[in-house]
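Scroll down for the structure; my scribbles are underneath it.
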Amino acid sequence: MRLSQFYLPTLKETPKEAEIASHRLMLRAGMVRQSSAGIYTWLPLGHRVLRRIEQIVREEQDHAGAQEMLMPTIQPAEVWRKSGRYDDYGPEMLRIIDRHERELLYGPTNEELITEIFAATVRSYRDLPKMLYHIQWKFRDEVRPRFGVMRGREFLMKDCYSFDLDYEGAVRSYRKMFVSYLRTFARMGLKAIPMEAATGPIGGDLSHEFIVLAPTGESAVFCDREVLDIDVLSEDVDYGDDGALGAVIDRFTRVYARTEEKHVAADFEKTVPEARRYEGRGIEVGQVFYFGKKYSTPMGAVVTGPDGQAVTVEMGSYGIGVSRLVGAIIEACHDDNGIIWPDAVAPFDVEIINLRPGDEACDAACMEAYAKLQSAGKDVLYDDRDERPGVKFADADLIGIPWRMVIGPRGIKDGKVELKRRDGTVADEVSLAVALDRLAAAARG
RNA sequence: CGGGGAGUAGCGCAGCCUGGUAGCGCAUCUGCUUUGGGAGCAGAGGGUCGGAGGUUCGAAUCCUCUCUCCCCGACCA
């Protein structure tokens, strides 16, 4: 993509409503525009990141054995009456009346809908277990939306639902999702720590929140630093091996890691040596619940068991805040000049900066790099704008593409280009050919 | 929902107290000069002053009502 053609309305000054880093940077980098309180338009740069995050979530869900589907945003009130939540959910639920005076709502979550579909279509224990998910926009009419996309009213969420014949099966499903969440967040370059959680209005008795450590997070968290160093990506997980899943989960859950609500200072001090105590703040990016028959009973999700008897299925639900993750990643990955995207979610892999458009040697080198990187499968942003170098550097820092190739007249006469990582780990002057080789070899994350 | 604050050009703001017909910086457009970290000069365009009523010869400014947005708190992917 040529930057001169790209729809990227960056801002030099910060709109005054934005308080926290991710919100400021998303507005300044031209990723989103606010439409009304807690509702955002995703501009091309932001949309690219959203899609990449969504894709990682999708791949890990599929890998864990879940199947993707798509439920509507608008739901009938009727199914919520059946579960008893229509009145319980309160003013957070956006209620809608259509032209026939039918009561509808914009879905804040989908337990009712999926359970109804399941109940209507699945008859036998032979069809179990099942894990079904979708990635769809939700609406919760928050009293006070804030922090940009981190607490919006409209947000993109992946929600998965598991159906099992018995408790043991439900726990197996829970474990699969637990491990897939560990992998999902790790792939995005995040340290997301599972912490014991309260179950809230969704109900149930087994739940963990996944918390990304960030100083501007909404929850206070306390954990053993040991949990920060666990690597879940280097080993390949066999989702069919319940023992292996249990072992991974145990490594995380045996050490102290709790949010404020569950924190007990005396336990923390007793079980964690002082040097390993981490106290900070975090952002909740996912939560997993086991809730048994809370919905399957009222909604009639019943299958025939092996003995011919009717069995009410065991369920769980598993959410990831996809749009919130965009903000959470920025909170965890930025500096004073802008965003520092982890490779896996970056909107582009490489940015080429032409310091002197119109200069024959610079233009030729840039076009060569642009073409070769693209044919090597890289997403390339080429800053071919007729702007001064300072403007280009400032914008590049702001939008935070992981790799940067700077091509200017000073270097090009010695046959050199500058190759830099936005995170500061690489800054070299090398020949164009060497730079291209190194970028071609660079992992995308 | 309790408490606080703000709506004036795309963004950031001044003007309001003490009414007299809207201004600054950045951005945008044109031209020239510049070009390795947000350039300089010259010129130009752009505003129902959130909205509705009222007071007045006259309202961005005073009064009443209203809408929207933000911040702190309580609640939440």
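Labels below follow one simple rule: chain letters A, B, ... track the order of the sequence lines, proteins then strands, and each chain is numbered from 1.
Rounded to an integer number of Å, the gap from CD of A/Glu218 to P of B/rC72 is 10 Å. As rounded to whole Å, 14 Å separates atom C1' of B/rC26 from atom CG of A/Asp395.
With both ends at atom C1', the span from B/rC70 to B/rG31 equals 42 Å, rounded to whole Å. Distance noted for atom P between B/rU21 and B/rU28: 32 Å (whole Å). Taking the P atom of each, B/rG7 and B/rG15 are spaced 10 Å apart, rounded to whole Å. Comparing the same atom, P, in B/rG50 and in B/rA6 gives a spacing of 13 Å after rounding to whole Å. Taking the C1' atom of each, B/rU55 and B/rG10 are spaced 35 Å apart, rounded to whole Å. Rounded to whole Å, the C1' atom of B/rG25 lies 14 Å from the corresponding atom of B/rG38. With P as the reference atom, B/rU61 and B/rC17 are 9 Å apart, rounded to whole Å. Using C1' as the reference atom, B/rG40 and B/rA52 are 48 Å apart when rounded to the nearest Å.
Residue contacts for A/Leu355: at a heavy-atom cut-off of 4.0 Å it reaches a base atom on one of the strands shown. Across all strands shown, A/Arg28 has heavy atoms under 4.0 Å from base atoms, whether or not it also approaches the sugar-phosphate. Residue A/Gly319 is classed as having no contact, given no heavy-atom separation below 4.0 Å to the nucleic acid. Looking at heavy-atom distances under 4.0 Å, A/Arg404 makes contact with a base.
B/rC62: Watson-Crick or G-U partner is B/rG54, with both key distances under 3.5 Å. When both pairing distances are held under 3.5 Å, B/rU18 makes no Watson-Crick or G-U pair with any nucleotide shown. With a cut-off of 3.5 Å on both pairing distances, B/rA77 has no Watson-Crick or G-U wobble partner at all. Both distances falling under 3.5 Å, in either a Watson-Crick or a G-U wobble arrangement, place B/rG2 opposite B/rC72. Using the Watson-Crick or G-U wobble rule with both distances under 3.5 Å, B/rU34 pairs with nothing in any strand shown. Across all strands shown, the partner of B/rC24 is B/rG12, judged by Watson-Crick or G-U wobble contacts whose two distances both fall under 3.5 Å. When Watson-Crick and G-U wobble pairs are counted only if both distances are under 3.5 Å, B/rC29 pairs with B/rG43.
In this pair, A/Phe155 lays its aromatic ring flat on the base of B/rA77, centres within 5.5 Å and planes under 30 degrees apart.
Here the nucleotide nearest the side chain of A/Arg146, chosen from B/rA74, B/rG36, B/rA39, is B/rA74. Closest to the side chain of A/Lys12, from the set B/rC69, B/rA77, B/rA27, is B/rA27. The side chain of A/Lys16 has B/rC13 as its nearest neighbour among B/rG36, B/rC13, B/rC70.
Under the 3.5 Å distance criterion, the side-chain polar atoms of A/Arg422 are matched with a main-chain donor or acceptor of A/Asp397.
Between A/Tyr89 and A/Trp80, the distance from one ring center to the other falls under 6.0 angstrom. Ring to ring, A/Phe178 and A/Phe252 are not that close: their centroids are 6.0 angstrom or more apart. Taking the six-membered ring for Trp, A/Phe147 and A/His23 have ring centres at least 6.0 Å apart.
With hydrogens and angles left out, the side chain of A/Glu13 and the base of B/rG25 share a donor-acceptor pair within 3.5 Å. A/Arg24 contributes no side-chain N or O that forms a donor-acceptor pair with the base of B/rG12 under 3.5 Å. Between the side chain of A/Glu387 and the base of B/rG38, no donor-acceptor pair of N or O atoms lies under 3.5 Å.
Contact annotation: A/Arg144 does not reach the phosphate of B/rA74 (side-chain N/O to OP1 or OP2, under 4.0 Å).
Put simply, CD on A/Gln75 and CG on A/Leu113 are 4.5 Å apart, with the number rounded to the nearest 0.5 Å.
Note on A/Arg187 versus A/Asp343: no salt bridge recorded, every NZ/NE/NH1/NH2 to OD/OE distance being 4.0 Å or above.
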